[in-house]
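These notes concern the structure reproduced below.
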Protein chains: 2
Amino acid sequence: MILSEKQKALIEKIGIMQERTGMQPVAGRIVGLLYVADKPELTFDEIREVLCISKSATSNALNMLQQLNRLDYITFSGDRKRYFRLKLNRWRELVTKEIDSITDFADILQEVVAERTSKTPEYNQNILEVADFLKYLHAELPKLLDRWENTRK
Amino acid sequence: MILSEKQKALIEKIGIMQERTGMQPVAGRIVGLLYVADKPELTFDEIREVLCISKSATSNALNMLQQLNRLDYITFSGDRKRYFRLKLNRWRELVTKEIDSITDFADILQEVVAERTSKTPEYNQNILEVADFLKYLHAELPKLLDRWENTRK
DNA sequence: CTCTTAGTTCAAAATTTACAGAACTAAATT
DNA sequence: AATTTAGTTCTGTAAATTTTGAACTAAGAG
């Protein structure tokens, strides 16, 4: 597999965006590669070769991305290779998971206010305001996703 | 200043959440401390002492947090100390900035599809779908913020 | 004018993380 | 049975990040 300069540039760009979500550079580039490659499914060795990375880095990153539900692979009988692909059709589940994690911070903020001195009512109120908005987001975002689905029909 | 065990635990919890957004441990703990401390404003040295960190780490983290618009400080005449505090009342601006950055990824995805082979229409369509949802989010989230503001009146 | 205070800057140490390389496993092929 | 293939796991190391400590600045106090 040979990549154009433009493809290489996009892989790096996507890679850096993914890094910002907390994944390591190699994993980010793998995601980028799967976005831009002409084939939607790539083998372990294709990935390893075009990205010039070691087998261990490839293996670790692929497994981690599967843990995160970003990837899976398909197989073909009579062929031992795995064909890795982005789980693009399942991105709604990732969105839902992100939405759910919003409550984590809201909960901590409420815990904070419960623990705080009552001598700073304005400050406490500010914190509760943030928590309230987060809860609102958590409740409303699924509806927003639904509404978007409806605009597509 | 003396902190309860509960407060210490909350600082670490908040710290770790902040780390996930890409800040260093010390900066995360400072944010946590300002959330839980009995006084909403703390001096450089109060922060340094309760968190047991060096002056340089304190200085760097405080300046970085100000860059990120998470903190500012107030002063009092006849007192050279700075009293650092969370910019809690300005969190809407941070939210707005986050919303704006959503388009970055949407734009890259459109660039990706423009560059992709046309031989994988279904795959390309999936990518465009994600991009479309991101654009939708970008357009709708400010309205959601407005609606939330209205529920508070 | 010297000393203290509040904070900054810079170099070096410590820690963490990412990655490569080699040895390994398990299945398939010869 | 030996070899090849596809991928994993483990250990060491290079690189990046975070933090410290010490020297420094600038302003106010004595």
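Just the heavy atoms: all of them, side chains too, but no hydrogens, waters or symmetry mates, feed the values below. Since the model is a prediction, treat every value here as computed from it, not as a measurement.
- Side chains of A/Asn126 and B/Trp91: no donor on one and acceptor on the other come within 3.5 Å.
- Comparing A/Gly78 and A/Gly22, the nucleotide of DNA chain C nearest to each residue sits closer to the 5' end for A/Gly22.
- No hydrogens or angles were tested; on distance alone, nothing pairs the side chain of B/Ser54 with the base of D/dG21 as donor and acceptor under 3.5 Å.
- Using modelled atom types, one finds a donor on one side chain and an acceptor on the other under 3.5 Å when comparing B/Asn124 with B/Thr120.
- B/Val130 and A/Ile16 fall into different hydrophobic clusters, where Ile, Leu, Val, Met, Phe, Trp and Tyr side chains are chained together by heavy-atom contacts under 4.5 Å.
- Side-chain contact, B/Arg92 with B/Thr96: no donor N or O sits under 3.5 Å from an acceptor N or O.
- Here B/Asn63 reaches the OP1 or OP2 of C/dT8: one of its side-chain N or O atoms lies under 4.0 Å away.
- Between the side chains of A/Gln18 and A/Arg29, no donor-acceptor pair of N or O atoms lies under 3.5 Å.
- Where B/Asp45 and A/Thr58 each meet DNA chain C at their nearest nucleotide, the meeting point lying more 5' is that of B/Asp45.
- In this structure, the CD atom of A/Glu49 is 11 Å from the P atom of D/dA6, given to the nearest Å.
- When the P atom of C/dT8 is taken as reference, atom CD1 of B/Ile47 falls 11 Å away, rounded to whole Å.
- A donor N or O paired with an acceptor N or O is found under 3.5 Å between the base of D/dA27 and the side-chain atoms of B/Arg80.
- Rounded to whole Å, atom C1' of D/dA6 lies 11 Å from atom CZ of A/Arg48.
- Ring pair B/Tyr83/B/Phe76: centre-to-centre distance below 6.0 Å.
- A/Ser59 contributes no side-chain N or O that forms a donor-acceptor pair with the base of D/dG7 under 3.5 Å.
- If you check every strand for non-hydrogen atoms under 4.0 Å, B/Lys55 touches a base.
- Salt bridge present: A/Glu140 and A/Lys143 bring a charged side-chain N and a carboxylate O closer than 4.0 Å.
- Rounded to 10 degrees, the angle separating the terminal axes of the helix from C/dC1-D/dG30 to C/dT30-D/dA1 is 10°, with each axis obtained from five end pairs.
- Looking at every heavy atom in both residues, B/His138 comes nearest to B/Ile99 through CD2-O, 3.1 Å.
- The side chain of A/Ser56 lies closest to D/dC10, out of C/dG7, C/dC19, D/dC10.
- If you measure from atom CG of A/Asn60 to atom P of C/dC24, you get 18 Å, rounded to the nearest angstrom.
- Nucleic acid contact for A/Ile53: sugar-phosphate only, since backbone atoms but no base atoms lie under 4.0 Å from a heavy atom of the residue.
- At whole-Å resolution of the value, CZ in A/Arg29 and P in C/dC19 are 7 Å apart.
- Put simply, A/Arg82 has a side-chain N or O that comes within less than 4.0 Å of OP1 or OP2 on D/dT8.
- One atom, CD of A/Glu19, and another, P of D/dA16, lie 11 Å apart when rounded to the nearest Å.
- Summarising the geometry, the separation between CE on B/Met64 and P on C/dG7 is reported as 19 Å, rounded to the nearest angstrom.
- Between the C1' atom of C/dT4 and the NZ atom of B/Lys81 lies a distance of 12 Å, rounded to the nearest Å.
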